[in-house]
Number of protein chains: 2
Amino acid sequence: MSAPTSRHPTILEVAREAGASKTSVSRYFGGERERLSPALRQRIGEAARKLGYRPNQIARGLKGGRSRLLGMLVADIRNSYSVAVMHGVEQACREQGYSLLVANTGNDPAQERTHLSLLASYRVEGLMINAAGQPTRELQAMAAQGLPLVLVDRWLEELEADRVGLDNALAVDMAIDHLSAQGYRHLLFLSEPVGLASPRQQRWQRFEQRLSEEPALDGERHDPALDGSAVGALLKAFLARAGRPAAVLCANGNVTLAATRALQALGLSLGEVGLLGIDELDWCSLVPPGITTLAQPTETIGRAAVQQLLARLDDGGAALPPRHTLFSPTLIARGSTRLPATDNDKETP
Amino acid sequence: MSAPTSRHPTILEVAREAGASKTSVSRYFGGERERLSPALRQRIGEAARKLGYRPNQIARGLKGGRSRLLGMLVADIRNSYSVAVMHGVEQACREQGYSLLVANTGNDPAQERTHLSLLASYRVEGLMINAAGQPTRELQAMAAQGLPLVLVDRWLEELEADRVGLDNALAVDMAIDHLSAQGYRHLLFLSEPVGLASPRQQRWQRFEQRLSEEPALDGERHDPALDGSAVGALLKAFLARAGRPAAVLCANGNVTLAATRALQALGLSLGEVGLLGIDELDWCSLVPPGITTLAQPTETIGRAAVQQLLARLDDGGAALPPRHTLFSPTLIARGSTRLPATDNDKETP
DNA sequence: TTGTATGCGTTATCAC
DNA sequence: GTGATAACGCATACAA
């Protein structure tokens, strides 16, 4: 006959047990313990412990409007980049006394909409967004309503909001500079379908720009679907066309995986065909002779997102202009961008 | 002068706008739309749309005691197994109309305690737990309070709760059977420090049991820390001791990664030294000649966890005995468990 | 220092 | 069918 759902003691019961008022108990747990007399403080502490009392965040949020909840919208939770960022977000949230409500959209705008209104219904105080694609109406609406938003990695031109992510132009510059310095002359920029994902667009565009500026290099760009055999065919055609020394620049971790698979299937050895991936993955050092990558400071990005959000929350309605925080990648050079020594290569020490 | 935090319209405002009562609006959104007259229904719908009204889950949870929140405690959010399970959990939650509050403990009991009480304070209706190690008092307390719990992957003997995970004995059986069938005779079971993590214990014990039953095989077991060079030294010593054909059985994905690294550093080729890993990782097909794995049905496990939790929620206080749901792995055979042909091996087709 | 009274947005209970 | 009204658990003026 006991309650089917678990019974939590309330502030009132603690008050009764301690022979005090609700207010005092509220103060005890609301960080105003100092204002209570030692005797009362003691009694309340004991009563609470005895009853196993824990303040109900839900009720607390109802009154004060402070849910202490932050939301994060992740485009693909199975993507190691997203998870790594999320890890940073989660740490920062905890340190700041917030909890994190995570929603995975699976790159589907419909799910993004659903999750967005769900998060809204829990009155999250702010939102970190790794958008699925174009900005949904819901997102626009939430921004307009004054809910602090920070766009992570992917951003949306139409949306005035803070942004945190990689300096994509710099990343592509570093990639091209490295490949060029290593002696590769024919470059292929390989991406997942560019669509509306801003990092892909930016990397893609920067690649084009750099190529047009450097006559010593020539290149191609493609953004095939990664499933199926498109990548292999594409690589084969590129290599036939381009002549050597040629290299592939992979726009993200998924592409690196697909390209590595394809190159292997073609029986080509890494290094002889250059390979450089944006995003460091834990197996990149494993595939002989190691895959060169540009590692993103993922945790830092996550933490920065939270920090930015909390800054917005603090300044009240100060309506500061959107702030963009960009981070630099780190080059991890491995064998996949080292040309095998040839007769023409004697000058190399 | 407007509210610094975003203003959400309330049920009362909608009621006024629609010329109706709070009750009717509540009914409209509470799934009792049928009971309203078409005219009223229409008016409320319009008013809500006009105002951008969204029911406040927090207030809703306060009254009804139904937060519509499920919690998940993850031991390591950066572990691809955990993430994959979480993905299943998340999908199932959404399908069932629940939201998911995720907490990462980083395998730290202290953080587990913190997060646990946090989740409790949000009045989650149930908890999925990928425990850090030994059961914390908090966990015991929550279970005692009647909060539905389901242990995922790792379980705790002291805790009477539903369990979902891999059939570890079966997994080790399949691994040993496969290695044996492939001609390996000397086996090394390699694990992360066994400690109190139940899957490691179970796999470890089953390995021991099987080895003791099969005179044709001999083996060793070790659970070194994965950082540093311990794994390499250990492998080297094992191979020197064991004679061939020898194989390594990796107790989880992290171990597979470490073992592969170490084997590579030793200049040993996979297959010649057998390698089989529990947990499929996306790069296992990439490292030549491919790493044989036992893949877990991760998403299924996640969904099963949610299903089990909801079943508990449904049956009220029926206090059914704990239910254990075990799943079978799938063997993905690759080159790392294929012995190179030798003179003694002529009978192989 | 401590307590009283009121309201947060919603649902549940009861009337009409 | 529809609508007042009282909880839900807590925080916060305000009063003592």
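Within 4.0 Å of S24(A), counting heavy atoms only, lie sugar-phosphate atoms of the nucleic acid but no base atom. Heavy atoms of I58(A) sit nowhere under 4.0 angstrom from any nucleic acid atom. Residue R35(A) is classed as a base contact, given a heavy-atom separation below 4.0 Å to a base. Using a 4.0 Å heavy-atom cutoff across all strands shown, Y53(B) reaches sugar-phosphate atoms only and no base atom.
For R303(A), the side-chain hydrogen bond (donor to acceptor under 3.5 Å, both in side chains) partners at least two apart in sequence or on another chain are Q91(A), E95(A). Residues that satisfy the ring pair (Phe, Tyr, Trp, His ring centres under 6.0 Å) test with F327(A), not counting sequence neighbours, are absent from this structure. Applying the side-chain hydrogen bond (donor to acceptor under 3.5 Å, both in side chains) test to E138(B) and every residue at least two apart in sequence or in another chain returns nothing.
In terms of polar N and O atoms assigned as donor or acceptor, the side chain of R27(B) comes within less than 3.5 Å of the base of dG3(D) in a complementary pairing.
Within residues 9-20 of chain B, the residues having any heavy atom closer than 4.0 Å to DNA chain C are, in order of number, T10(B), I11(B).
Electrostatic pairing of R78(B) and E299(A) counts as a salt bridge here, judged by a charged N lying under 4.0 Å from a carboxylate O.
Of the side-chain N and O atoms in S26(A), one or more sit less than 4.0 angstrom from OP1 or OP2 of dA11(D).
Nucleotides of DNA chain C that come within less than 4.0 Å of any heavy atom of chain A span, from the 5' end to the 3' end, dT1(C) to dG9(C).
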>> Working note: Q308(B) + R163(B), criterion side chain to side chain donor-acceptor pair (under 3.5 Å); need CA distance, chi angles, decisive distance, verdict.
In response: CA-CA 9 Å; Q308(B) 184 59 52; R163(B) 305 170 177 180; over 6 Å; no
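Taking five base pairs at each end of the helix from dT1(C)-dA16(D) to dC16(C)-dG1(D) and finding the rotation axis that steps the C1' atoms of four pairs onto the next four gives two axes whose angle is 40°, to the nearest 10°.
Here dC8(D) presents its C1' atom at 15 Å from CD of Q57(B), a figure rounded to the nearest Å.
At least one donor-acceptor pair closer than 3.5 Å links the side chain of R33(A) to the backbone N or O of Y28(A).
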